[in-house]
Amino acid sequence: MGNESLASLFRRLEQLNGIGAALSRERDIDRLLENILEAARAITGADGGTLYSVTEDGTALKFEIVRTDSLGIRLGGTTGKPITFPNLPLRHADGSPNDSLVAAHAAIHDRTVNIADAYSAEGFDFSGTRTFDARTGYRSQSFLTVPMKNHDHELIGVLQLINALDPLTGEVTAFSEADQGLAESLASQAAIALTNRLLITQLERLFESFVNLINLAIDEKSPYTGGHCQRVPALTMMLAEAVTATTQGPLAGFQMTDRDRYELKMAGLLHDCGKITTPVHVVDKATKLQTIYDRIGLVDTRFEVLKRDAELAALRRQLALRPVVDAQAEGREQQALQQEIHALQEDREFLRRCNTGTEAMQPEDQQRVRDIADLRSWRNPQGVQTSFLTAEEVENLTIRAGTLNQAERDIINHHIVATIKMLETLPWPRHLKNVPEYAGGHHERMDGKGYPRGLTREQMSLQARMMGIADIFEALTAVDRPYKKGMALSQALAIMCRMRDNGHIDPDLFEVFVRQGVYLRYGQEFLDPEQVDTVDIAALGFA
């Protein structure tokens, strides 16, 4: 071998080493497959080539990447151009090996096939190749077909190169022994890189499946939170992309890599995983007196008892008047009875309205509930005269806003503590190490008055602050909550403006949220049409 040939071989070996390192760094499967084929073509000087993968059932070879430079053919991979060629079966219907196809033969027998001229080769069926050549005017001549196997010696693909080109004359020539050796070395390295990438992808899919399994479990517990677990991460990513695109202001330097995006997405999907520990009757509490069921029915029953007691008392008084036969007195008794029944009915309707908890309760209404409890009494099933409402019922019926009392709010708030505990117990890899912090901070406030850790703005990552805004906006606009109606965009943004002003949410992020129209994109995708109203951002303080 001459000095020039030896130098060329060394250059190609160095190129092979560089290719191996580059393949090991690639994360995207489609780009990895493309790189494998392009690298093989580069080191062997091939005009074209095909990369096949083995189908999941292991019965055929599937076209993944097809390239032919002289014809300008680029199919599969990242090109977006699908490959319509049928799969190559590895065996015939009777189970015998499909040795007529060179790619199948190389795969089945685990050997490299080097053919100088397909048109004169014996033992293989190149009719499809001839048809392709006749249609395109191409001349498929030399073939180098190399099987790719993983560390378990399992077939994962086949690398096929077509028409080696002489670097000096450009003429089609046969693939040399050096070409074959380099291609086999590359196929071995590529198989390792591809196997590793597939294993990592499978593990990532498994992890994402577990995340979705948790959300499914929460969804099965309560239909009112399942949608929330999907919408918050979607809105978080919308805001994150808007911040990434920002070129002015204090957030102009924020950037995300694909790994950063994946980490934030996972945190979003897991941000409420602790709700799996929250009692469903608290999560789903639609009215103030609801526990396992709505206890307003018990209050209704007591009113019916009082009405009957009033009727019985009136009848007894009327019977006492019978010997006297005083029609006026009996009329007054009837009038008093109707007044008492009317008063009972008013109190009953009042308590039913209080039970819904849809609006902020006024102090005078809270006092009226207490008065009903103190001034009215009923005879319970044990025959004991007792207060009309229990202390626990008074506490619930006088809830100022919403349907949860303080104890129930503490239970609900504990879900974030459970989320943090659950996530911090996991052995996160380096590229996901921030998931617990991102997911665990969405109930904190910028002024340090949030929970569970009372963090301030400076103590929180930008991603955790993003998730806080997404969590609040989703909650305000959600239409699937049992205790409230979903707000329109303008109403929700007006409330969030006040939250910004009182130190609840990050003002810089909220400005991007509004100015970049994140709220509108979310509304168009996730909200009912009647909620997507016109928003005057100038009126919100954004000139």
Side-chain angles (χ1 to χ4, degrees), residues 200-222 224-240 243 254 256-280 282-283 409-446 448-475 478 504-506 509:
I200 292 171
T201 300
Q202 289 168 357
L203 288 173
E204 288 176 345
R205 288 176 180 170
L206 179 62
F207 171 64
E208 289 182 30
S209 297
F210 272 115
V211 171
N212 290 327
L213 184 66
I214 292 173
N215 286 340
L216 177 62
I218 296 172
D219 193 9
E220 288 296 315
K221 276 185 67 176
S222 169
Y224 309 120
T225 56
H228 174 81
C229 291
Q230 300 301 319
R231 291 189 293 265
V232 167
L235 181 53
T236 300
M237 296 312 298
M238 287 182 186
L239 178 55
V243 176
F254 178 80
M256 288 193 303
T257 64
D258 288 343
R259 285 196 167 198
D260 294 333
R261 289 180 173 87
Y262 184 74
E263 184 177 40
L264 183 56
K265 173 189 171 185
M266 287 298 101
L269 288 170
L270 288 165
H271 83 284
D272 268 350
C273 65
K275 280 185 177 177
I276 201 168
T277 67
T278 306
V280 69
V282 177
V283 176
R409 287 188 182 278
D410 291 341
I411 292 173
I412 287 288
N413 291 347
H414 180 74
H415 85 271
I416 191 63
V417 177
T419 293
I420 294 171
K421 285 182 178 179
M422 290 168 64
L423 296 182
E424 288 186 343
T425 61
L426 297 178
W428 295 99
R430 185 170 56 186
H431 67 286
L432 294 175
K433 63 183 176 62
N434 294 310
V435 165
E437 192 267 330
Y438 294 169
H442 67 277
H443 283 297
E444 301 290 352
R445 291 172 50 124
M446 302 305 99
K449 297 179 181 178
Y451 62 90
R453 292 172 170 169
L455 302 177
T456 63
R457 181 188 186 191
E458 293 72 21
Q459 295 172 305
M460 298 171 62
S461 66
L462 202 59
Q463 288 88 338
R465 286 178 262 161
M466 290 178 191
M467 202 167 295
I469 288 178
D471 189 72
I472 293 169
F473 190 77
E474 191 284 333
H504 195 134
I505 61 176
D506 186 287
L509 284 174

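Please read these numbers as outputs of a predicted model, since none were measured by experiment.
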Inset, instruction - Would you please say whether a donor-acceptor pair under 3.5 Å links the side chains of Thr257 and Asp260? - result: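 Judged by distance alone, the side chains do pair up.
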
Inset, instruction - Give a yes-or-no answer on whether the side chains of Gln459 and Thr456 include a donor-acceptor pair shorter than 3.5 Å. - result: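 Short answer, yes.
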
Quick one: does [X]'s side chain get under 4.5 Å of [Y]'s, heavy atoms only?
| X | Y | answer |
| --- | --- | --- |
| Gln463 | Phe254 | yes |
| Leu509 | Leu462 | yes |
| Met467 | Pro233 | no |

Hey, does the side chain of [X] reach the backbone of [Y] with a donor-acceptor pair shorter than 3.5 angstrom?
| X | Y | value |
| --- | --- | --- |
| Arg457 | Arg445 | no |
| Asn434 | Glu437 | no |
| Trp428 | Pro436 | no |

Legend entry - Working for ring pair (Phe, Tyr, Trp, His ring centres under 6.0 Å), residues His271 and His228: CA-CA 10 Å; His271 83 284; His228 174 81; 5.1 Å; yes

Legend entry - Shortest non-hydrogen separation from Leu264 to Met256 and the atoms involved: CD2-SD, 4.3 Å

Inset, instruction - If the plane angle is over 60° it's perpendicular, under 30° parallel, otherwise tilted; pick one for His431 and Tyr262. - result: parallel

Legend entry - Evaluation steps, side-chain contact (heavy atoms from CB on, under 4.5 Å), between Phe207 and Leu203: CA-CA 6 Å; Phe207 171 64; Leu203 288 173; over 6 Å; no

